Colleague: 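Pasting a structure below so you can have a look.
FYI, the numbering just counts along the sequence from 1. Nothing here was measured: the structure is a model prediction, and the numbers come from that model.
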Amino acid sequence: MKNHPYHLVDNSPWPLTGSMGLMTMTMGMVLWFNFNKMWLLMMGTAIIFLTMFQWWRDVTRESTFQGLHTKSVTYGMKLGMILFIISEVFFFSSFFWAFFHSSLSPSIEIGMQWPPLGIKPFNPMSIPLLNTMILLSSGISITWAHNSIINSNFSQTTHSMLLTIILGIYFTILQAVEYYEAPFTIADSIYGSTFFLGTGFHGIHVLIGTMFILITKMRIIKLHLSKNHHTGFESAAWYWHFVDVVWLFLYISFYWWGM
């Protein structure tokens, strides 16, 4: 019994196993970069995925079957997601800061020109433009899904979410092709560093967002969410719209303006 609307979580091992997985993955990346051995990296990644699966399972149980996510709890979760997205805005701002700092006043080390001497940039009217159209289309489809779940049209919700997932996977495949065909590498001066860091971290966010939407779609199929109780879906939609907006800024600055 309790006399407040908040959810005090039970003792959980997942923060501990998650931190162990992150530490293992970090050491695994060091081992991979220096000695080309990937076993520790794969172990850390496996620990993180297992932790994610079981942690989300517990959250699903608390919200759907135990009814512990009251209005006050969902308000706090929405506020937490908003603050997380704001932190992500500042995270990507650092890449844009580095890009514009170097491009607006190129130093003598890179030939006093942008792009630096010897760098052949991507054609912004090729794969980058197609990827822009794909992400804009996925933003429309996730908005369609949001409208459908509010109107309790779960058939259209799952169809539009499936379309969003397909577009997200298509974007990732095209970006992998672009990286494979890239005429420069991350080691090619500040241009290569800022380009691959900015677009690479965005690509990771697309993968995470696709996974987020896929899990939410599975929960909708299992009737875990309703028109009045879909905080997880809203968080996924907000995150996906954020990914869309970041790509627009990346395309305009890294591909089009910075070529």
Colleague: Assess whether atom CH2 of W32 is packed by more than 12 heavy atoms of other residues, nucleotides or ligands within 6.0 Å.
Modeller: no
Colleague: Would you please indicate yes or no on a ring centroid separation below 6.0 angstrom for F100 and W257?
Modeller: yes
Colleague: Linking I/L/V/M/F/W/Y whenever any side-chain heavy atoms sit under 4.5 Å apart, do L197 and V246 land together?
Modeller: yes
Colleague: Looking only at heavy atoms, what is the nearest atom pair of F233 and I142, with distance?
Modeller: CZ-O, 4.0 Å
Colleague: Can you tell me how the ring of F122 sits relative to the ring of Y255, calling it parallel under 30°, perpendicular over 60° and tilted otherwise?
Modeller: tilted
Colleague: Locate the shortest heavy-atom distance separating L250 from G198; write the atom from each residue and the value.
Modeller: CD1-O, 3.9 Å
Colleague: How long is the gap from OG1 on T24 to CG on L31, to the nearest 0.5 Å?
Modeller: 12.0 Å
Colleague: Please assess F171 against L167 for the test side chain to side chain contact (heavy atoms under 4.5 Å, CB included), listing each intermediate value before the final yes or no.
Modeller: CA-CA 6 Å; F171 175 93; L167 289 170; over 6 Å; no
Colleague: If you round to the nearest 0.5 Å, how far is OG of S152 from CG of L225?
Modeller: 11.5 Å
Colleague: Output the distance between atom CG (D58) and atom CH2 (W14), rounded to the nearest 0.5 Å.
Modeller: 6.5 Å
Colleague: So, for T164 and S141, which heavy atoms are closest and what is the spacing to 0.1 Å?
Modeller: OG1-OG, 2.6 Å
Colleague: With a 4.5 Å heavy-atom cut-off, do M20 and L16 have their side chains touching?
Modeller: yes
Colleague: Determine, stepwise, if the pair H202 / V243 fulfils side chain to side chain contact (heavy atoms under 4.5 Å, CB included).
Modeller: CA-CA 7 Å; H202 176 268; V243 168; 3.4 Å; yes
Colleague: Less than 3.5 Å apart, any donor N or O on the side chain of W55 or S12 sitting next to an acceptor on the other?
Modeller: no
Colleague: Check the orientation of F99 and Y191. Use parallel for under 30°, tilted for 30 to 60°, and perpendicular for over 60°.
Modeller: tilted
Colleague: For W256, is the CH2 atom crowded, meaning more than 12 foreign heavy atoms sit under 6.0 Å from it?
Modeller: no
Colleague: Could you tell me which non-hydrogen atom of M133 sits nearest to which non-hydrogen atom of S137, and how far apart they are?
Modeller: O-OG, 2.8 Å
Colleague: What do the steps show when you test V73 against T70 for side chain to side chain contact (heavy atoms under 4.5 Å, CB included), and what is the final call?
Modeller: CA-CA 5 Å; V73 174; T70 62; 3.4 Å; yes
Colleague: If every non-hydrogen atom of R219 is compared with every non-hydrogen atom of S63, which pair is closest and at what distance?
Modeller: NH2-OG, 3.4 Å
Colleague: Under 3.5 Å, side-chain donor or acceptor atoms of residues 36-53 against the rest of the protein: list the pairs with distances, not counting sequence neighbours.
Modeller:
| residue | atom | partner | partner atom | Å |
| --- | --- | --- | --- | --- |
| T45 | OG1 | L41 | O | 2.8 |
| T51 | OG1 | T17 | OG1 | 3.1 |
| T51 | OG1 | I47 | O | 2.8 |

Colleague: Pick from T216, T158, I220: which one makes a side-chain contact (heavy atoms from CB on, under 4.5 Å) with I149?
Modeller: I220
Colleague: Rounded at 0.5 Å granularity, tell me how far CZ in F242 sits from CD in E88.
Modeller: 5.0 Å
Colleague: Report the relative orientation of the aromatic rings in F201 and F95; use parallel for angles under 30°, tilted for 30 to 60°, perpendicular for over 60°.
Modeller: parallel
Colleague: Which heavy-atom pair separates Q175 from G203 by the least distance, and what is that distance?
Modeller: OE1-CA, 3.4 Å
Colleague: Measure the CZ-CG distance between R61 and D10 for me, rounded to the nearest 0.5 Å.
Modeller: 9.5 Å
Colleague: Between Y239 and H205, what is the ring plane arrangement, given parallel below 30°, perpendicular above 60°, and tilted in between?
Modeller: parallel
Colleague: Using atom types as modelled and distance alone, determine if a side-chain donor or acceptor of S72 lies under 3.5 Å from a backbone N or O of P5.
Modeller: no
Colleague: Out of curiosity, F212 CZ to S235 OG, how far, rounded to the nearest 0.5 Å?
Modeller: 5.0 Å
Colleague: Could you check whether F254 and F249 have their ring centres less than 6.0 Å apart?
Modeller: no
Colleague: Between H101 and S105, is any pair of side-chain heavy atoms under 4.5 Å apart?
Modeller: no
Colleague: Under a 3.5 Å threshold, yes or no: a donor from one side chain and an acceptor from the other, between W114 and S102?
Modeller: no
